[in-house]
Protein chains: 2
Amino acid sequence: MASDHTRSAILAAAERLYADRGFGDVTLRDIVAEAGVNLAAVNYHFGSKDELIAELFVTRSVQTNRERLRELKAAEEEGGGRAPIEVILRALVGPTLRGCLGPENQRSTAARFMIRASIESVPPIRRIKNREIDHLRKFVGAMRRALPERSDVDIYWGLNFALAMAHHTIRESERLTKLSEGKCDLDDVEDVVARVVSVATMALTAGKAEAKAPARALARDAR
Amino acid sequence: MASDHTRSAILAAAERLYADRGFGDVTLRDIVAEAGVNLAAVNYHFGSKDELIAELFVTRSVQTNRERLRELKAAEEEGGGRAPIEVILRALVGPTLRGCLGPENQRSTAARFMIRASIESVPPIRRIKNREIDHLRKFVGAMRRALPERSDVDIYWGLNFALAMAHHTIRESERLTKLSEGKCDLDDVEDVVARVVSVATMALTAGKAEAKAPARALARDAR
DNA sequence: TTGCAATTCAAACGCTTGTATGAAACTATC
DNA sequence: GATAGTTTCATACAAGCGTTTGAATTGCAA
């Protein structure tokens, strides 16, 4: 089994290069040069380039998913099997946003890699994302419990919009910064989380009893 | 100038192939075979592969942008220089959604091409999207006029979330259908538009006077 | 130390890609 | 109907890619 040195050097180099330059123009030769290993090592240890990318993405996304479920479970246990919708939504989008946003200079390689994965979406990554549905169903279940009078259709749309706001904000963070001339502070991650959760909560609760508080205001003072 | 036959045959074939199989695995040789023209014709008429892709995307996106601005202008003129926020948002997301969603079997090649462009985002397309900011500023202006008491930051976030919901729904329409086991009807485009507009309106008006109507209901019967 | 499996290595393979070339075939003008 | 300009064509090019090969090296167990 040796020391795994070569294997992890490849993983680290690949993640760094993909994060910096995207999947499109990073070749295996770039990766092995950065890692200081032989070209054939990639195929020896991973089988193929796609499997290398897949392993990188799987590693990072199970981390995020685990964090999501941890928050969800904690919230539901605290509430005796039923968590408030805001907290569920926060468990859904919080880990992703925290993992990908934040001050650029202190953004981890992993974070930058996941942003790339979100923007470019190469085949091996897409294949993995398609298997994420079971994971999302757990959130659907929790949301149903939190909003028993809401129709399934509304639940699905609410979930879709929550993910939409989180992922799009990550993907287009640069554009939003430019459009707003810096007025939208994407480094204040908790403010972003609060905004997304607030809007998603409104989407899910509008029309019945109206969200307890204006929701925005209460989420706001994290700032 | 001849008949332009070759040029447009290439454009049509390229759009069709990209729409069907994505940018990743369509080569120039595939395109010229489909178009029934010579390989060198692409470089003769377009200069390079990237310029061909760029021309395809520019053509389609100026169509969408023109439609957006037409709706926006009509609404503002009708309201004497100030349109209701719902109508502005509808002008923003309506054309895109109508252009990309709808029953799959009657979805135009152009629509499927734009969905691909939204998912895969190759370099020449990304370059063009980055120049879209000026276009968005016109909507920022309209939104400011509609909601003069709202801060710029809130306006930008509202715009961001509206685009997020529209684009993400397009990108992930397949996943949403699968997750909801068909309960979310993505072929009912006007319902999707109404949902996005409704949520975005709430996001932009929450905390002050509360959106006049549940917004959803009134937008609903467009169908 | 010997033997064996795991790992590393340089080199090459085979294929595909976008692009360039220069001759041939048109088209229209005078 | 010769001429000039445009467009098409077969073909080749050069580069880059992921992958494979088989020999060399290493590390560990007997």
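Note that this is a predicted model, so its numbers are computed, not measured. Residue numbers begin at 1 in each chain, while the letters A, B, ... track the order of the sequences.
Residues from residues 38-53 of chain B that place a heavy atom under 4.0 Å from any atom of DNA chain C, listed by number: Leu39(B), Ala40(B), Asn43(B), Ser48(B), Lys49(B). Near DNA chain D, meaning a heavy atom under 4.0 Å away, the residues from residues 21-28 of chain A are Thr27(A), Leu28(A).
Here dT6(D) presents its C1' atom at 17 Å from NE2 of His5(B), a figure rounded to the nearest Å. Counting to the nearest Å, the P atom of dT16(C) and the CD1 atom of Ile31(B) are 17 Å from each other.
Rounding to the nearest 0.5 angstrom, the gap separating the CD atom in Glu172(A) from the NZ atom in Lys129(B) is 7.0 Å.
Of the candidates Leu204(A), Ile155(A), Val197(A), Ile85(A) forms a side-chain contact (heavy atoms from CB on, under 4.5 Å) with just one, namely Leu204(A).
Residue Gln63(B) qualifies as enclosed at atom CD: its count of foreign heavy atoms under 6.0 Å is above 12.
Between Phe57(B) and Tyr18(B), the ring center distance fails the sub-6.0 Å criterion.
Under 3.5 Å, the side chains of Arg68(B) and Thr96(B) contain a donor-acceptor pair of N or O atoms. Between the side chains of Glu67(A) and Thr64(A), no donor-acceptor pair is found at a separation under 3.5 Å.
An OP1 or OP2 oxygen of dT8(C) is reached within less than 4.0 angstrom by a side-chain nitrogen or oxygen of Thr6(A).
Between the side chain of Arg29(A) and the base of dG16(D), no donor-acceptor pair under 3.5 Å is found.
Residue pairs meeting the salt bridge (charged side-chain N to carboxylate O under 4.0 Å, His left out) criterion with at least one partner in residues 30-48 of chain A, sequence neighbours excluded, are Arg16(A)-Glu34(A), Arg21(A)-Asp30(A).
Using a cut-off of 4.0 Å between Lys/Arg side-chain N and Asp/Glu carboxylate O, Asp154(A) and Arg144(A) are scored as not salt-bridged.
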